[in-house]
Amino acid sequence: MDQPRKLHIKSFGCQMNVYDAQRMVDVLTSQGFVETASADDADLVILNTCHIREKASEKVYSELGRLRVAKDEAARDGRRVEIVVAGCVAQAEGQEIIRRQPAVDVVVGPQSYHHLPQLLAHAKTHGRALETEFPVEDKFGFLPEPSRDAIRARGISSFVTVQEGCDKFCTFCVVPYTRGAEVSRPVTKIVDDVKRLADNGVREITLIGQNVNAYHGDGPDGRPWPLGRLLGHLATIPGIVRLRYSTSHPLDVDDSLIEAHRDLPALMPFVHLPVQSGSDRVLAAMNRKHSADDYRRAVERFRKARQDIAFSSDFIVGFPGESEQDFAATLALVTQISYAGAYSFKYSPRPGTPAAEIRETVSAAVMDERLGRLQQLIDSQQSAFNLAAIGTTVDVLFERAARNEGQIVGRTAYLQPAHVMAPPDIIGRVLPVRIENLERYSLLGTLDAPQTGPESPAPSAMSTGA
Ligand code: 5AD
Ligand code: SF4
């Protein structure tokens with residue numbers, strides 16, 4: 001019998017790419033491929049790329065250089081290795097990839113992963129293939145159902161795409177061009193996915209979309225449902241104990257979302273709400289369509305609904321024309337909000353975006369210096385947030401055995417990793433943990449109550465820990 005062909009996917013960038021990688025695995029396992037953890041023994045290597053910042057796309061070319069050497073070596077041993085470039089660099093620079101790297105067999109944009117088998121077949125018989133068209137068919141309609149094994153491999157926590165693309169056109173961002181117009185999946189499809197995941201042991205769902213709170217998928221009543229309503233419905237599905245969503249836009253924070261945070265214990269009080277800058281002048285140049293005060297008000301609405309809510313954000317420093325005064329406004333906003341964590345990036349001009357045309361740039365030295373100051377402030381807030389957990393008892397959803405023998409690791413409501421010594425049957429349960437220590441970003445603690453013996457719930461029972 002033929003050996004199954006081995007497939008390795010390396011994903012860069014956002015959660016959407018992590019999810020898309022799973023979709024590609026689903027498509028290709030139905031064609032007889034098996035996944036392998038290492039690129040070295042793979043017959044098919046897929047680079048699932050990110051185009052959001054310059055560094056991200058440069059990494060792709062250096063990775064391809066390494067893969068080319070491996071491919072040539074394998075060919076000398078009589079083994080054929082195929083290389084696929086997927087993701088947003090493929091979408092944006094497909095022709096350029098084909099031109100720059102002859103070792104690439106297939107270039108495929110995020111809208112066309114369902115065509116991977118045909119593209120690979122084409123590459124084999126006719127030579128290299130490129131597909132980066134936006135399809136006319138439903139973006140979400142064509143994907144195969146993942147196998148039970150594939151779902152089980154997803155463990156306790158899983159992403160589910162509910163929305164793709166973006167209509168906001170922030171002037172620095174490639175997403176509206178690489179991922180296309182904003183589209184929402186219908187409610188019933190999402191509910192079916194979540195039920196199937198829950199039946200296979202998944203306990204936490206993170207709904208993802210480039211602008212997830214713009215969600216307005218068709219409900220079973222024929223009317224569009226906002227994200228808050230969808231979350232409320234998903235919270236009733238047996239087995240689902242935690243819900244999250246990412247990434248949100250401050251303008252699309254509607255009452256349904258605020259009410260969901262007020263009413264749903266399963267909805268975790270941790271919101272990734274990017275603001276990019278604290279200066280109204282820069283926000284206007286970014287075409288964010290909101291002011292710093294609009295953002296502050298959005299944060300206040302969440303806080304009023306759920307007092308224990310915490311925030312993370314994204315920031316860009318050195319946007320064209322950003323003055324020291326603009327940057328000071330960003331620091332002031334960060335100081336005022338106080339984040340549990342945040343990502344900050346140096347602005348990088350993306351070809352084809354309006355901001356790339358602005359001539360008034362910020363020097364590399366100034367950008368470095370501002371990034372350093374911002375990161376220091378964010379780090380100090382993150383450390384304070386993590387330290388504050390010490391001595392408290394928090395709910396942890398346990399996910400897997402940790403590297404240290406006998407330890408199990410899970411996550412708090414705020415996605416902090418938390419380690420305890422415990423038997424593996426706590427995996428999949430939410431249990432209260434007394435936090436005793438912090439090691440870098442990980443919390444260390446002990447289970448609040450003994451978990452064995454006749455009094456304790458059966459391993460399959462779910463506790464919300466409340
Ligand atoms: N330069 C730097 N950072 C960027 N981001 C998006 N585009 C750019 C760019 N051109 C950042 C934003 C966004 C995050 C995903 O990446 O902060 O929220
Ligand atoms: Fe990009 Fe702005 Fe859309 Fe976010 S909201 S994906 S930053 S265009």
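Counting starts at 1 for both ligands and their atoms, following the listed order.
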Verify the ring-centre separation between Phe311 and Phe302: is it less than 6.0 angstrom? yes

Determine, using ring centers only, whether Phe169 and Tyr177 are less than 6.0 Å apart. yes

Determine whether Arg23 and Asp20 satisfy the following criterion, salt bridge (charged side-chain N to carboxylate O under 4.0 Å, His left out), listing intermediate values before the conclusion. CA-CA 5 Å; Arg23 299 202 298 183; Asp20 282 352; 3.0 Å; yes

among protein heavy atoms, the one nearest atom 4 (C) of ligand 1 is Ile316 CD1, 3.6 Å

I want to know if ligand 1 touches Arg53 in the polar sense, i.e. an N/O pair below 3.5 angstrom. yes

Results of salt bridge (charged side-chain N to carboxylate O under 4.0 Å, His left out) for Arg242 - residues two or more places apart only: none

Under 4.0 Å from one or more heavy atoms of Phe172, ligand 2 contributes atoms 7 (S)

For atom 14 (C) of ligand 1, what's the nearest protein heavy-atom neighbour? Residue, atom name and distance, please. Asp314 OD2, 3.4 Å

For Lys304, I'd like to know if atom NZ has over 12 heavy atoms of other residues, nucleotides or ligands within 6.0 Å. no

When the ring centroid of Tyr245 is compared with that of His261, is the distance short of 6.0 Å? yes

For ligand 1, note which part of Phe172 has a heavy atom under 4.0 Å away: side chain, backbone, both or neither. both

I need the full list of ring pair (Phe, Tyr, Trp, His ring centres under 6.0 Å) pairs touching residues 366-388, with sequence neighbours left out, sorted by first then second residue. Phe385-Tyr414

Nearest-contact summary for atom 9 (C) of ligand 1 - protein heavy atom, Å: Ser348 O, 3.6 Å

Pairs satisfying side chain to side chain donor-acceptor pair (under 3.5 Å), at least one member in residues 60-70, at least two apart: Lys10-Glu63, Tyr61-Glu93, Glu63-Arg66

Note, atom 3 (Fe) of ligand 2 has protein N, O or S atoms under 2.8 Å numbering 1

Atom indices of ligand 1 within 4.0 angstrom of Gln276 heavy atoms, with elements: 12 (C), 13 (C), 17 (O), 18 (O)

N/O separation below 3.5 Å, Arg350 to ligand 1: no

Under 3.5 Å donor-acceptor, Glu182 side chain and Asp167 backbone: no

Does a side chain donor of either Ser383 or Asn386 reach within less than 3.5 Å of an acceptor in the other side chain? no

Hey, do the aromatic rings of Phe319 and Phe327 have their centres closer than 6.0 Å? no

Below a 4.0 angstrom heavy-atom separation, can you tell me which part of Ile52, side chain or backbone, both or neither, approaches ligand 1? both

Quick one: does ligand 1 sit under 4.0 Å from the side chain of Lys346, the backbone, both or neither, non-hydrogen atoms only? backbone

